[in-house]
Amino acid sequence: MSQHLSEQEILRREKLKELEQLGIQAYPADLFEVNCTTTEILKNYDAEKQQFQNVSIAGRLMSYRIMGKASFAVIQDGHGKIQLYITRDNICPGEDKTLYDKVFKHLLDIGDFIGVKGYAFVTKTGETSIHVNEFKVLAKALKPLPVVKEKDGEVFDAFTDPEMRYRQRYVDLVVNTNVRETFIKRAKMINVMRSFMSSAGYIEVETPVLQPIYGGALARPFKTHHNALDVPLFLRIANELYLKRLIVGGFDGVFEFAKDFRNEGMSRFHNPEFTMLELYVAYKDCYWMMDFMEAMVERIAIELYGKPEVTVGDQLISFARPWKRFTMFEAIKHYTGVDISSMDEETLRHTCRELKVHVDNTMGKGKLIDEIFGNHVEPKLIQPTFITDYPVEMSPLAKKHRTKPGLVERFEVICNAKEICNAFSELNDPIDQRERFEEQLKLGKRGDTEAMVLDEDFLRALEYGMPPTAGIGIGIDRLAMIMLNQPSIQEVIFFPQMRPEKKENE
RNA sequence: GAUUCUGUAGCUCAGCUGGUAGAGCAAUACACUUUUAAUGUAUGGGUCUCGGGUUCGAAUCCCGACAGGAUCACCA
């Protein structure tokens, strides 16, 4: 297969050969000793003190300004950027000026990795820089990077095409520093959650991604096949049923940051694989879990921003406790003025039409309520809000409400008009659970492709006895979108799913 | 899946009512030992996403395909 090379790519390959001819390895094998980072120098350098007089840093060459026998360049490492000052006399103390005149000025390109040794100083214009005594080529780049320039915070020629940014995230990360910051914050968010749960005494576990029976959520799965066993397997849509088995096994609290897979549409809010935190705690109920959720998310905001408020788009969202709490009926009444709490299915259907909510005849009572909620309430909930008391039909794994017939002990948190978590007092009555599964089977036979499958082993586990348990699932990507103020899920996932690039030569 | 917008140099974008392409940055060459969107002078660089059609002539108009964005629908 022949690669079509641009003019610049051909040139860089020629430079590579020239380096080799000069006896300079473009991809040396030996390590380059680094003794500090760009940000360490920029933060701590003080001209008064004798510091950073022997620095050795490595990174990618991002720009240079050659002025005859002296040059300025910018190098970027894993932390930030710093300016280099390079003079011919320093680099080439002897007669041979090749290293400066040829190698530095002509054979290096933007994007190349180099290592430099020198000392820190401040230039005339007041920029902390490194006075370079030696440099070494660490890796040559054969493709030109997009060159993004910046002055006084204004960015010129930014690399913005979403398709290229997602397909070539490595370039995006090199060139758009805010992208790197977003993903660092995402990692921090997950660390805050992990330590919050760990310090509460809960155990981080791992459960199967490949499952013979998929369960724990209402969704369509990806199907695969195991050759040796000659059985079909499914990529998990949730890990709920496995974590509950561990509660049966005697753990008091277990959690997992799980990659789940759902074979459904893609959008700004949906990637086929996504991350979900699930947490199960024995001897607790969903009201306890509400407090836990509130505290954990408030903690995230404080750790990320030093305060419980987060700016999302043009909204300021406050995660300061306590959050508003509504039952589903209260919320609907509040936002539509209609009290549906005692309506039967027919009246409900009529109400839907009055509220201009799309209905069809396959929808049961629970679904109708959900439609009203989704159309008239959810879009209005910007501040984090608990919604409790869901209809039983929609929640086959939740315990029936302790006092309200037809409802279950469940809550969701809606924030920025999107659900960010879903939690129950977990159903631990094995007989009730079997009946709920059977209901789901009926739905499946009627053609509901998302209905749950009956999991005999899970029921067997419940029959051994599961303590009362509170469980929650938090969509990490959705939460990250809010916490990191990003408008699409593709901005918080390194490598979002894309259609394959079309192949050349075919 | 529906609607709609977009696809031109390595990157960001112009390109009108059809006359086979332009700018800035990047690249190349030269000058310049404290510059910073460095500067100055010169030069090269394009299957205008792909395939059809209309036309004397298509980057431009029409149809289709592919890819992406936005909105909506399903879902987390």
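Lettering of chains follows the sequences in order, A, B, ..., and the numbering in each one begins at 1. Keep in mind that this is a model prediction, so the values were computed, not measured.
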Participant: Can you list everything that forms a salt bridge (Lys or Arg N to Asp or Glu O under 4.0 Å) with Arg194(A)? Sequence neighbours excluded, please.
Facilitator: Glu204(A)
Participant: Collect all protein-nucleotide pairs involving nucleotides 69-73 of chain B in which both atoms are nitrogen or oxygen and the distance is under 3.5 Å.
Facilitator:
from: rU71(B); atom 1: OP1; to: Arg268(A); atom 2: NH2; distance (Å): 3.0
from: rU71(B); atom 1: OP2; to: Arg268(A); atom 2: NE; distance (Å): 2.6

Participant: Taking the six-membered ring for Trp, does Phe72(A) stack with rA38(B) (centroid gap under 5.5 Å, planes within less than 30°)?
Facilitator: no
Participant: Using heavy atoms to find the nearest nucleotide of RNA chain B for His106(A) and Arg262(A) separately, return the residue whose nucleotide is more 5′.
Facilitator: His106(A)
Participant: Whether the side chain of His376(A) engages the backbone of Tyr335(A) through a donor-acceptor N/O pair (distance < 3.5 Å, no angle test) should be reported.
Facilitator: no
Participant: Phe121(A) near the nucleic acid: base, sugar-phosphate alone, or nothing, with a heavy-atom cut-off under 4.0 Å?
Facilitator: base
Participant: Need one value for Asp161(A): base, sugar-phosphate or nothing, where a base atom within 4.0 Å counts as base even if backbone is also close, heavy atoms only.
Facilitator: sugar-phosphate
Participant: Would you please say whether a donor-acceptor pair under 3.5 Å links the side chains of Gln83(A) and Ser129(A)?
Facilitator: yes
Participant: So, Glu256(A) and Asn239(A): side-chain donor and acceptor under 3.5 Å apart, yes or no?
Facilitator: yes
Participant: Under the side chain to side chain donor-acceptor pair (under 3.5 Å) definition, can you give me all pairs with a residue in residues 379-396 of chain A, not counting sequence neighbours?
Facilitator: Asp389(A)-His401(A), Asp389(A)-Lys404(A), Tyr390(A)-Glu412(A), Ser395(A)-Arg410(A)
Participant: Once you apply a heavy-atom cut-off of 4.0 Å, does Asn90(A) come out as touching a base, just sugar-phosphate, or nothing?
Facilitator: nothing
Participant: In whole Å, what separates the P atom of rU12(B) from that of rA26(B)?
Facilitator: 15 Å
Participant: Going by salt bridge (Lys or Arg N to Asp or Glu O under 4.0 Å), name the residues that satisfy it together with Glu491(A), two or more places apart in sequence or in a different chain.
Facilitator: Arg165(A)
Participant: Is the distance between the ring centroids of Phe121(A) and His131(A) under 6.0 Å?
Facilitator: yes
Participant: Whether the side chain of Arg236(A) engages the backbone of Pro221(A) through a donor-acceptor N/O pair (distance < 3.5 Å, no angle test) should be reported.
Facilitator: no
Participant: Choosing from rU12(B), rA76(B), rU35(B), which nucleotide comes nearest the side chain of Thr160(A)?
Facilitator: rU12(B)
Participant: Work out how far the P atom of rU49(B) is from that of rC11(B), and round it to whole angstrom.
Facilitator: 13 Å
Participant: Looking only at N and O atoms, is any donor in the side chain of Gln8(A) or the base of rA26(B) less than 3.5 Å from an acceptor on the other one?
Facilitator: yes
Participant: The side chain of Ser6(A) is closest to which nucleotide in this list: rG10(B), rA76(B), rU34(B)?
Facilitator: rG10(B)
Participant: Could you provide the dot-bracket string of RNA chain B, using ( ) for intrastrand pairs, [ ] for crossing pairs and | for bases paired to another strand, with Watson-Crick or G-U pairs below 3.5 Å?
Facilitator: (((((((..((((.....[..)))).(((((.......))))).....(((((..]....))))))))))))....
Participant: Among the candidates rG45(B), rA27(B), rC11(B), find the nucleotide nearest to the side-chain atoms of Asp109(A).
Facilitator: rA27(B)
Participant: Could you check which residues of residues 414-421 of chain A get a heavy atom under 4.0 Å from RNA chain B? Sort them by number, please.
Facilitator: Lys418(A), Glu419(A)
Participant: Over all strands shown, is Arg167(A) touching base, sugar-phosphate only, or nothing at heavy-atom distances under 4.0 angstrom?
Facilitator: sugar-phosphate
Participant: Is any side-chain N or O of Lys149(A) closer than 4.0 Å to OP1 or OP2 of rA38(B)?
Facilitator: yes
Participant: To the side chain of Pro146(A), which of rU35(B), rG45(B), rC11(B) is closest?
Facilitator: rC11(B)
Participant: Categorize Ala217(A) for me: base, sugar-phosphate, or nothing, with a 4.0 angstrom heavy-atom threshold over every strand shown.
Facilitator: nothing
Participant: Nearest of rA27(B), rA67(B), rA76(B) to any side-chain atom of Lys15(A)?
Facilitator: rA27(B)
Participant: Which sits closer to the 5' end of RNA chain B, Arg499(A) or Met164(A), going by the nucleotide each is nearest to?
Facilitator: Met164(A)
Participant: Categorize Phe159(A) for me: base, sugar-phosphate, or nothing, with a 4.0 angstrom heavy-atom threshold over every strand shown.
Facilitator: sugar-phosphate
Participant: What nucleotide, of rU35(B), rA26(B), rU12(B), holds the atom closest to the side chain of Glu127(A)?
Facilitator: rU35(B)
Participant: Between the base of rU35(B) and the side chain of Gln83(A), is there a donor and acceptor pair under 3.5 angstrom?
Facilitator: yes
Participant: Quick one: ring pair (Phe, Tyr, Trp, His ring centres under 6.0 Å) partners of His79(A), sequence neighbours excluded?
Facilitator: none
Participant: Using the C1' atom as the reference point in each nucleotide, state the distance between rC16(B) and rU43(B) in Å, no decimals.
Facilitator: 31 Å
Participant: Using a heavy-atom cut-off of 4.0 Å across all strands, would you classify Lys105(A) as base, sugar-phosphate, or nothing?
Facilitator: nothing
Participant: Who pairs with Glu14(A) by salt bridge (Lys or Arg N to Asp or Glu O under 4.0 Å), at least two apart in sequence or on another chain?
Facilitator: none
Participant: Hey, does Gly475(A) reach any base, or is it just sugar-phosphate, or nothing, if we go heavy atoms under 4.0 Å?
Facilitator: nothing
Participant: Taking salt bridge (Lys or Arg N to Asp or Glu O under 4.0 Å) as the test, write out the residues that go with Asp112(A), two or more places apart.
Facilitator: Lys140(A)
Participant: Side chain of Lys151(A), heavy atoms from C-beta onward: which of rC32(B), rU34(B), rA37(B) has the nearest atom to it?
Facilitator: rA37(B)
Participant: Under the salt bridge (charged side-chain N to carboxylate O under 4.0 Å, His left out) definition, can you give me all pairs with a residue in residues 261-274 of chain A, not counting sequence neighbours?
Facilitator: Lys259(A)-Glu273(A)
Participant: Which one, rA76(B), rU35(B), rA26(B), comes nearest to the side chain of Ile489(A)?
Facilitator: rA76(B)
Participant: Only counting residues at least two apart or in another chain, list the ones meeting ring pair (Phe, Tyr, Trp, His ring centres under 6.0 Å) with Phe183(A).
Facilitator: Phe494(A)
Participant: Which residues satisfy the side chain to side chain donor-acceptor pair (under 3.5 Å) test with Ser6(A), sequence neighbours excluded?
Facilitator: Glu9(A)
